[in-house]
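The residues of the chain are indexed from 1 along the displayed sequence. Quick note: numbers below take in every heavy atom, side chains included, and nothing from hydrogens, waters or symmetry partners. No experiment lies behind these values; they were computed from the predicted model shown.
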Amino acid sequence: MNALKRIAFHTLGCKLNFAESSALAKRFEQAGCTIVPTDEAADLYVINTCTVTADAEKKCRQFIHRVHRRHPQAEIAVTGCFAELRGEEIRAMEGVTYVLGTADKTQLIDMVNRQAAARPDAQTSAGFTPIHSAIGRTRSFFKVQDGCDNFCSYCAIPYARGRSRSAGIAQTVEAAGRIAAEGYKEVVFTGVNIGDFGRKNGERFVDLLRALLNIDGIVRWRLSSIEPDLLDSEIIELVAAEPKLMPHFHIPLQAGSDAVLHAMRRRYDTAFFARKVEEIRRHLPHAFIAADVIAGFPSETAADFEDGYRFIESLPISALHVFSYSARPEAAAYRMTNAYAPAEKEERSRRLHRLSDAKKAAFYERFAGQTAAVLWESERLGDEMLGYTENYLRVAAPYDATKINTLETVRLDTSYLHPDKDRIMTVQTPSPCK
């Protein structure tokens, strides 16, 4: 390693990016570097970027400018999806030393050693290695898949991350064993399209889940976003049968109108989605079910939105992740004409956020007075510590450092909306975990 000894990481975007940043930081630590917060002086600032919306790209540009303005002598490395799609633009920005796309960001340490700044092409990188987050977390994010073959009309991710790919089950289980050896109790699967795991290798995601259940030490496996058409009955039934698999589903809906789903090039309709949610509720009535929804897709008329709103309102789901539509030049929808006035998109987003708040509050209150096992994390909220139940209720209790990364059975009290807009459960007198 050269003279660069203090490295700061700033990550924007999804859990997948955080897992990749963590794995890269670990490589720098192993090379003798010190990882420091981004508000401290560093020799190299690594910015792992996102391009899912225009606002995400704006935040990337702003952070690059801010770092260079505050630390003009430092080197800046920009990687991730924004770097993949807008490499030439980033390369022209003052202060940027290294630009890497998505698949080759792990080569940064070698580039620093060579003092070179070539830009690899993620589309030619067919290989895949499972990685996991490894810095200061009770839960580890485990990247088991990357890329996507769906090419939905609103999305630029297949152009930024390339085609779907994953390692085999044996290699993935071996990587999970290393997570267990580091002492993590909970692992969250990440990827662009985790349900597509193994398809090109003749393997299946459900078989990976079965294999991972045999690993000692890890007591919780939690799914992240999985496409509704890839969330088959076998996966749902396995989650219901296996205590190590958390009753927590994050399913992209994107629109509650069949006309809009068709324009989005999604691979299901509202009736299919509703059946999938009902199937989960039948097997796991206590499961947390979140759905992604895009507000203001270009072809979405007022009637489409109202139909979609009523459909979403009728679903027995726990929360929504609402995104305002953002035009991506690479995606087919970029060429569509909006069917609504610009201000209408924000109003639709506000209505969906209010609906999500109501659903989440109702879901939390269902469990007031019940007992649940909480895995306590190192995160603090003033004088309180935070943790999550199996079904993803966020819980706060008086801070006790000895409880970090341990399971405790508590009696849930009531919930409240914290100023950061996240809902939190309080606890009554806790009792030891059986």
K.L.:
Is there a side-chain contact between Ser257 and Phe297 in this structure, where contact means two heavy atoms from C-beta onward sitting under 4.5 Å apart?
P.N.:
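A side-chain contact is absent here, since even the closest heavy-atom pair is not under 4.5 Å.
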
K.L.:
Please examine the side chains of Phe197 and Thr172, heavy atoms only from C-beta on, and report whether any two atoms are closer than 4.5 Å.
P.N.:
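A side-chain contact under 4.5 Å exists here.
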
K.L.:
Is any side-chain heavy atom of Met264 closer than 4.5 Å to one of Ile294?
P.N.:
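Result yes, sub-4.5 Å side-chain heavy-atom pair found.
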
K.L.:
Can you tell whether the side chains of Arg275 and Glu279 come within less than 4.0 Å, N to carboxylate O?
P.N.:
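Not counted as a salt bridge, because no side-chain N and carboxylate O are separated by less than 4.0 Å.
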
K.L.:
Check this for me, if you would: do Asp422 and Lys360 make a salt bridge, where the nitrogen-to-carboxylate-oxygen distance has to be below 4.0 angstrom?
P.N.:
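The answer is yes: the pair qualifies as a salt bridge.
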
K.L.:
Does Glu88 pair with Arg91 as a salt bridge, N-O distance under 4.0 Å?
P.N.:
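Result for this pair is yes, salt bridge flagged.
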
K.L.:
One thing to verify: whether Glu227 and Arg266 come together as a salt bridge, which I'm taking to mean a side-chain N less than 4.0 angstrom from a carboxylate O.
P.N.:
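Answer for the salt bridge query: yes.
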
K.L.:
More than 12 heavy atoms of other residues, nucleotides or ligands under 6.0 Å from OH of Tyr416: is that the case?
P.N.:
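Yes, because the 6.0 Å sphere around OH of Tyr416 holds more than 12 heavy atoms from other groups.
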
K.L.:
How about Asn150 and Arg265: does a side-chain donor come under 3.5 Å of a side-chain acceptor?
P.N.:
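No donor-acceptor contact under 3.5 Å links the two side chains.
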
K.L.:
Using distance alone, with no hydrogens and no angle criterion, decide if Thr389 and Asn391 have a side-chain donor and acceptor under 3.5 Å apart.
P.N.:
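Judged by distance alone, the side chains do pair up.
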
K.L.:
Assess Arg348 against Tyr309: is NZ or CZ under 6.0 Å from the centre of the six-membered ring, and within 45 degrees of the ring's axis?
P.N.:
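No, cation not above the ring by the 6.0 Å, 45° rule.
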
K.L.:
Are Glu20 and Arg161 ion-paired here, with the side-chain N under 4.0 Å from a carboxylate O?
P.N.:
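Arg161 and Glu20: salt-bridged.
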
K.L.:
Decide if the gap between the ring center of Phe363 and the ring center of Phe288 is smaller than 6.0 angstrom.
P.N.:
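Under 6.0 Å, so yes.
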
K.L.:
Are Arg139 and Tyr184 in a cation-pi setup, meaning NZ or CZ lies under 6.0 angstrom from the ring centre and within 45 degrees of the ring axis?
P.N.:
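Judged by the rule (NZ or CZ under 6.0 Å from the ring centre, within 45° of its axis), Arg139 is not positioned above Tyr184.
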
K.L.:
Going by an N to O cut-off under 4.0 Å, is there a salt bridge joining Arg222 and Glu390?
P.N.:
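No, no charged N to carboxylate O under 4.0 Å.
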
K.L.:
Assess, by modelled atom type and distance only, whether the side chains of Asn48 and Ser21 contain a donor and an acceptor separated by less than 3.5 Å.
P.N.:
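Present: a donor and an acceptor within the cut-off.
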
K.L.:
So, do Phe205 and Phe189 have ring centers that fall under 6.0 Å from each other?
P.N.:
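Yes, the ring of Phe205 comes within the 6.0 Å limit of the ring of Phe189, centre to centre.
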
K.L.:
For the residue pair Asp269 and His262, confirm or rule out a side-chain donor-acceptor distance under 3.5 Å.
P.N.:
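There is no such pair between these side chains.
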
K.L.:
For Asp39, look at atom CG and say whether over 12 heavy atoms of other residues, nucleotides or ligands are found less than 6.0 Å away.
P.N.:
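Yes, CG of Asp39 has more than 12 neighbouring heavy atoms, counting only those of other groups under 6.0 Å.
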
K.L.:
Please tell me whether Arg423 and Ser415 have a donor and an acceptor in their side chains that are separated by less than 3.5 angstrom.
P.N.:
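Present: a donor and an acceptor within the cut-off.
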
K.L.:
Is any NZ, NE, NH1 or NH2 atom of the basic residue among Glu89 and Arg61 found under 4.0 Å from an Asp or Glu carboxylate oxygen of the other?
P.N.:
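Answer for the salt bridge query: yes.
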
K.L.:
Is a salt bridge present between Asp357 and Arg354, judged by a nitrogen-to-oxygen distance below 4.0 Å?
P.N.:
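Salt bridge flag = no for Arg354 with Asp357.
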
K.L.:
Salt bridge between Arg328 and Glu57, side-chain N to carboxylate O under 4.0 Å?
P.N.:
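Yes, charged N to carboxylate O under 4.0 Å.
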
K.L.:
Check the surroundings of atom NZ in Lys185: do more than 12 heavy atoms from other residues, nucleotides or ligands lie under 6.0 Å from it?
P.N.:
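Enclosed: over 12 neighbouring heavy atoms sit under 6.0 Å from NZ of Lys185.
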
K.L.:
Under the criterion side chain to side chain contact (heavy atoms under 4.5 Å, CB included), I'd like the reasoning laid out for Arg210 against Arg204: C-alpha separation, chi angles, the key distance, then a yes or no.
P.N.:
CA-CA 10 Å; Arg210 290 194 179 96; Arg204 301 183 305 161; 3.9 Å; yes

K.L.:
Quick one: are Phe141 and Ser22 in side-chain contact, heavy atoms under 4.5 Å?
P.N.:
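Sidechains of Ser22 and Phe141: no contact.
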
K.L.:
Could you check whether Asp232 pairs with Lys276 (Lys NZ or Arg NE/NH1/NH2 to Asp/Glu carboxylate O, under 4.0 Å)?
P.N.:
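No salt bridge links Asp232 with Lys276.
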
K.L.:
Are the aromatic ring centres of Tyr159 and Phe151 under 6.0 angstrom apart?
P.N.:
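Ring-ring flag for Tyr159/Phe151: true, centres closer than 6.0 Å.
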
K.L.:
Can you find a side-chain donor-acceptor pair between Ser140 and Glu186 that sits under 3.5 Å?
P.N.:
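No donor-acceptor contact under 3.5 Å links the two side chains.
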
K.L.:
Taking the basic N atoms (NZ, or NE/NH1/NH2) and the acidic carboxylate oxygens, is any pair closer than 4.0 Å for Glu182 and Lys26?
P.N.:
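Yes, this pair counts.
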
K.L.:
Supply the atom-to-atom distance Leu352 CG to Lys359 NZ, rounded to the nearest 0.5 angstrom.
P.N.:
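Result: 11.5 Å between the selected atoms.
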
K.L.:
Taking C-beta and beyond as the side chain, do Tyr364 and Leu412 meet within less than 4.5 Å on heavy atoms?
P.N.:
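No. Closest side-chain heavy atoms not under 4.5 Å.
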
K.L.:
For Leu213, is there any backbone N or O sitting under 3.5 Å from a side-chain donor or acceptor partner on Lys244?
P.N.:
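Answer holds: yes.
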
K.L.:
Would you say Gln62 has more than 12 foreign heavy atoms packed within less than 6.0 Å of its CD?
P.N.:
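More than 12 within 6.0 Å, yes.
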
